[in-house]
Amino acid sequence: DLDTENEPKEATLGRALVELVRPQRPVMVGDRRFDVMAAHAHGLPAIGVLWGVGDGHELRAAGADLLVSTPRELRTALRSDLTTLGGGRS
């Protein structure tokens with residue numbers, strides 16, 4: 001159901017995770033603090049992209065596990081061992 005424009009990002013991500021077949025550990029990629037917060041609420045690592053609406057300061061302050069500046073960097077990060085990323089939980 002896409003008629004949830006005012007739904008918190010955590011709820012949206014939670015619904016998506018329920019439907020996801022998990023052959024690998026999921027990771028959240030986003031450009032705003034809400035994306036990072038949603039990822040960490042579900043114990044997922046968050047990769048912040050620096051070409052979107054948010055900026056590095058916002059993403060770092062929210063606790064992004066990794067920041068990337070270009071789509072090429074994102075592709076490299078997604079192909080790497082993401083198990084070293086925290087997911088916001090100690």
| query | Taking all atoms of both residues into account, what is the closest heavy-atom pair of Ala38 and Glu10, and its distance? | reply | CA-CG, 3.6 Å

Which atom pairs, donor and acceptor, lie under 3.5 Å between side-chain atoms of residues 50-60 and protein residues at least two apart or in another chain?
from	atom 1	to	atom 2	distance (Å)
Asp55	OD1	His57	N	3.2
Asp55	OD1	Glu58	N	2.8
Glu58	OE1	Arg32	NE	3.3
Glu58	OE2	Arg32	NE	2.8
Glu58	OE2	Arg32	NH2	3.3
Glu58	OE2	Arg33	N	2.8

| task | Not counting sequence neighbours, which residues clear side chain to side chain contact (heavy atoms under 4.5 Å, CB included) with Thr76? List them please. | result | none

| remark: Here the pair of heavy atoms bringing Pro45 nearest to Leu85 is CB-CB, 3.5 Å

| query | Ala11: what forms a side chain to side chain contact (heavy atoms under 4.5 Å, CB included) with it, not counting sequence neighbours? | reply | Glu7, Pro8

| At what distance, to the nearest 0.5 angstrom, does CG of Asp35 lie from NE2 of His40? | 11.0 Å

| Single-linkage hydrophobic cluster Val36~Val27, side-chain heavy atoms < 4.5 angstrom | no

| task | Tell me, with the steps shown, if Val68 and Val29 meet side-chain contact (heavy atoms from CB on, under 4.5 Å). | result | CA-CA 10 Å; Val68 295; Val29 176; over 6 Å; no

| message | If you compare all heavy atoms of Asp65 against all heavy atoms of Ala46, which two are closest, and at what distance to 0.1 Å? | response | OD2-N, 2.7 Å

| field | Arg72: partners by side chain to side chain contact (heavy atoms under 4.5 Å, CB included), with sequence neighbours left out | value | Thr70, Arg75

| task | Could you walk me through whether Leu44 and Leu13 pass side-chain contact (heavy atoms from CB on, under 4.5 Å), step by step? | result | CA-CA 10 Å; Leu44 301 178; Leu13 181 58; 4.0 Å; yes

